[in-house]
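Note sheet for the following structure.
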Amino acid sequence: MLRIPDTVRVLRLIAVLLLAGLTAAGYTVYAGVRVYQDLGGGRDHLIAGQADLDAAVKTGDLATLRTAATELEAADADFQRGSVRLRTDPALMAGARVSASQEQVAAVIHLAAIGDDMAQAGSAAEQIAEGVFTLRQSYAGRTLTPADLAALAHDADALAQRYAAAAVTIGQQLLLAHHERAQVTTTGLVPPLRAAYDQVDMALAAADEAFRQFQDPKGLLSQFLGLTLPP
């Protein structure tokens, strides 16, 4: 499962850079504080949601999984709100037109979008995990007969179909995150923001690996049950 410490450092650096940039470029500090609060809130919810999702996958606990869903939904809302403010707040838009700050502000906008994309991928993973956990409970702790195995294979196929869209969403959101990353060349960024992007690169690589299992709900069910289900 994806680990978030790098994301924590990324968003802290964003906050510091953003507030410093707002002051240096003459932005409205209040507008900058609101964006900082959005990004900080998104960071906190994303950290909590990913930790709960990680714990839920290890334990199969549905209550923890539903807590993860709530946290990831809140993270998504915070990142989206921060991104909208960065793009539409008159004070921030005015500051962004200052040539010295344009590249830095654009890089912060892309970082907010990456956080949003990762939160949405996590939410889709949570949906799949809940479906897998629920089905697993129907068969766990039983000695499966041939008839049970046939029914399980049928249910697993239905599960894969039911969550096919969520599995696609995971891949799409990660692709969007990588697309946002590709829009930024880090050589001209101030050192803290350049370091933040180094950490983003590591976080995205970890996300690619961590969410791969959720793109195959049937395989995830097989893993939890310790069975090889027919294709």
Side-chain angles (χ1 to χ4, degrees), residues 1-19 30-89 92 107-131 133 163 166-167 169-178 180-181 192-193 196-197 199-211 213-214:
M1 207 48 217
L2 176 62
R3 303 297 180 183
I4 305 300
D6 288 334
T7 306
V8 178
R9 299 187 189 97
V10 167
L11 291 173
R12 283 176 179 165
L13 286 168
I14 292 171
V16 171
L17 175 73
L18 184 59
L19 289 177
Y30 174 68
V33 169
R34 292 173 71 192
V35 174
Y36 163 77
Q37 290 171 339
D38 291 333
L39 296 182
R43 173 203 66 206
D44 292 342
H45 288 303
L46 182 59
I47 293 166
Q50 291 286 3
D52 286 335
L53 184 55
D54 189 22
V57 168
K58 290 177 179 176
T59 64
D61 182 62
L62 280 171
T64 303
L65 188 64
R66 286 162 186 158
T67 300
T70 300
E71 293 289 355
L72 291 168
E73 288 169 4
D76 184 21
D78 284 339
F79 283 125
Q80 287 197 38
R81 187 165 52 248
S83 182
V84 168
R85 282 178 174 158
L86 279 165
R87 295 174 185 275
T88 62
D89 189 285
L92 298 177
V108 173
I109 289 173
H110 286 300
L111 276 175
I114 290 169
D116 177 38
D117 293 333
M118 292 177 67
Q120 291 193 49
S123 293
E126 175 276 327
Q127 293 175 31
I128 293 170
E130 179 158 10
F133 290 177
Y163 292 101
T169 294
I170 293 171
Q172 289 176 336
Q173 292 304 135
L174 291 177
L175 282 175
L176 286 172
H178 282 285
E180 292 287 347
R181 174 62 186 89
L193 190 52
Y197 268 93
Q199 294 167 350
V200 159
D201 291 340
M202 292 186 289
L204 280 174
D208 290 338
E209 180 65 26
F211 288 133
Q213 62 182 326
F214 294 100

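For Arg181, the side chain to side chain donor-acceptor pair (under 3.5 Å) criterion is met by Asp201, not counting sequence neighbours. With sequence neighbours left out, Glu126 forms a side chain to side chain donor-acceptor pair (under 3.5 Å) with no residue at all.
Judged as a salt bridge (charged side-chain N to carboxylate O under 4.0 Å, His left out), the pairs with a partner in residues 71-83 (not counting sequence neighbours) are, in order, Asp38-Arg81, Asp78-Arg81.
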Side-chain donor-acceptor pairs under 3.5 Å in residues 60-69, sequence neighbours left out?
| from | atom 1 | to | atom 2 | distance (Å) |
| --- | --- | --- | --- | --- |
| Asp61 | OD2 | Thr64 | N | 2.9 |
| Asp61 | OD2 | Thr64 | OG1 | 2.6 |
| Arg66 | NE | Glu130 | OE2 | 2.9 |
| Arg66 | NH2 | Glu130 | OE2 | 3.0 |
| Thr67 | OG1 | Ala63 | O | 3.1 |

N/O donor-acceptor pairs under 3.5 Å from side chains in residues 108-118, not counting sequence neighbours:
| from | atom 1 | to | atom 2 | distance (Å) |
| --- | --- | --- | --- | --- |
| His110 | ND1 | Glu180 | OE1 | 2.5 |
| Asp116 | OD1 | Gln120 | NE2 | 3.3 |
| Asp116 | OD2 | Gln120 | NE2 | 3.3 |
| Asp117 | OD1 | Gln173 | NE2 | 3.2 |
| Asp117 | OD2 | Ala177 | N | 3.2 |

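In this structure the side chain of Asp208 reaches within 4.5 angstrom of the side chain of His178, judged on heavy atoms.
Distance CD1/Ile128 to CZ/Phe211: 10.0 Å, rounded to 0.5 Å.
Heavy-atom minimum distance, Leu72 versus Ser123: CB-OG, 3.4 Å. The two residues Phe214 and Ala167 have their closest heavy-atom pair at O-CB, 4.2 Å.
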